[in-house]
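Order of the sequence lines sets the chain letters (A, B, ...), proteins ahead of strands, with each chain counted from 1.
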Protein chains: 2
Amino acid sequence: MNQEIAGRAGRVRESANATTYTISDLAKEFDITTRAIRYYEDQGLISPARRGSRRIYSRRDRVRLSLILRGKRLGFSLQETRELFDLYDNAPGEQAQMSHFMELLGARRAMLERQMEDIRAILDEIGAAEKEALRSIAARAPHPKAATSPSA
Amino acid sequence: MNQEIAGRAGRVRESANATTYTISDLAKEFDITTRAIRYYEDQGLISPARRGSRRIYSRRDRVRLSLILRGKRLGFSLQETRELFDLYDNAPGEQAQMSHFMELLGARRAMLERQMEDIRAILDEIGAAEKEALRSIAARAPHPKAATSPSA
DNA sequence: AGTTCCGCTAACGTAAACGTCAACGAACGT
DNA sequence: ACGTTCGTTGACGTTTACGTTAGCGGAACT
């Protein structure tokens, strides 16, 4: 996974030293399929150069890809991420977009906080169940009362 | 949203005081559609009693529903939640299941941590972008260098 | 009695994000 | 020269979690 070494794929092509990647270079690096990468292109998230029919990815494309994946991990849909890209491309650093973006981010943060709270609640219940189990074992009682079902 | 008052739906039916709910009671309380609730039943997650063809939900069913929703918020699929229910129903408090459950929970925790890290990274970049913007404004320079695209 | 809800089943539709062939061309190693 | 590998464009298939009619039967209000 070290993009400095690499077999001898498409590094330093053409004139100066424009670092480029093939589709499978990126697929391996990010551990996704080439199909996924082409799909992101279909959805307008990346637009790699072409050498004939083959796709040539630049460092910029590579950054975009990492941003797409980060967006996915945060629960953004591909369309949401695309909109953010579009906004930024058409006027980087504008305030209206910034606030739109902050809204999305805030919503995600709220989701994460709720998830954390859910996990905390589960852990609490597990803790209570354990204590209950220990107590019933200590008292040599076969079963406590059997609640409804912990889990999830 | 107070389930103690309620119009005069299906509270205290039958013999003693077995609190029950109609499907729309629960739909309103949890803010989901009745279709969703029936779907959970199709998938084997709940099995409400019937009075004729109509579904009668007990407090146990209501707890299950809340667990299903919590599972969803944590990213568990309905099938995963169902498996957890099945495991617990067939032998509550067994250790093998507990470890299976803890595995799932651990995976979710890892996901959450990664998401938190992603958000931290984004906030860092936003902070850096702001500093850069302020600096370029202070120097009356039109644009910095224009990176690749922050967002997502 | 009539009409309006509520609920039920059955079945088809949907959206997102790819997976999975198929059929083909170009490039690369031997 | 040739087989293998890599890449390309369709195009259809898949999964999850419901949404959306459609058509019908009781139940409840007036």
Can you check whether [X] has a side-chain N or O nearer than 4.0 Å to OP1 or OP2 of [N]?
X: B:Ser24; N: C:dG7; result: yes
X: B:Arg50; N: C:dT9; result: yes
X: A:Lys28; N: D:dC6; result: no
X: A:Arg54; N: D:dT5; result: no
X: A:Thr33; N: C:dG19; result: yes

Inset, instruction - Assign each of A:Thr34 and B:Arg35 to its nearest nucleotide of DNA chain D by heavy atoms, then name whichever residue's nucleotide is nearer the 5' end. - result: A:Thr34
How many Å lie between [atom1] on [X] and [atom2] on [N], as a whole number?
X: A:Tyr39; N: D:dT9; atom1: OH; atom2: P; result: 16 Å
X: A:Ile23; N: C:dC18; atom1: CD1; atom2: P; result: 13 Å
X: B:Ile32; N: D:dC18; atom1: CD1; atom2: C1'; result: 11 Å
X: A:Glu41; N: D:dG7; atom1: CD; atom2: P; result: 14 Å
X: A:Leu45; N: C:dC18; atom1: CG; atom2: P; result: 10 Å
X: A:Tyr40; N: C:dG19; atom1: OH; atom2: C1'; result: 13 Å
X: A:Asp25; N: D:dT5; atom1: CG; atom2: P; result: 18 Å
X: B:Asp42; N: D:dA17; atom1: CG; atom2: P; result: 13 Å

Legend entry - The single option from A:Arg35, A:Arg64, A:Arg82, A:Arg50 passing salt bridge (charged side-chain N to carboxylate O under 4.0 Å, His left out) against A:Glu41: A:Arg50
Inset, instruction - Tell me what A:Arg38 touches on the nucleic acid: a base, only sugar-phosphate, or nothing, going by heavy atoms under 4.0 Å. - result: base
Inset, instruction - Quick one: closest heavy-atom pair of A:Ala27 and A:Thr33, and the distance? - result: CB-C, 4.2 Å
Legend entry - Distance-minimising heavy-atom pair for B:Tyr40 and B:Leu65: CD1-CD1, 3.7 Å
Legend entry - A:Asp42 atom CG, over 12 foreign heavy atoms within 6.0 Å: yes
Inset, instruction - Treating Ile, Leu, Val, Met, Phe, Trp and Tyr as nodes and any side-chain heavy-atom pair under 4.5 angstrom as an edge, say whether A:Phe85 and A:Phe30 lie in one connected cluster. - result: yes
Legend entry - Nearest listed nucleotide, side chain of B:Ala36, among C:dA17, D:dG7, D:dC18: D:dC18
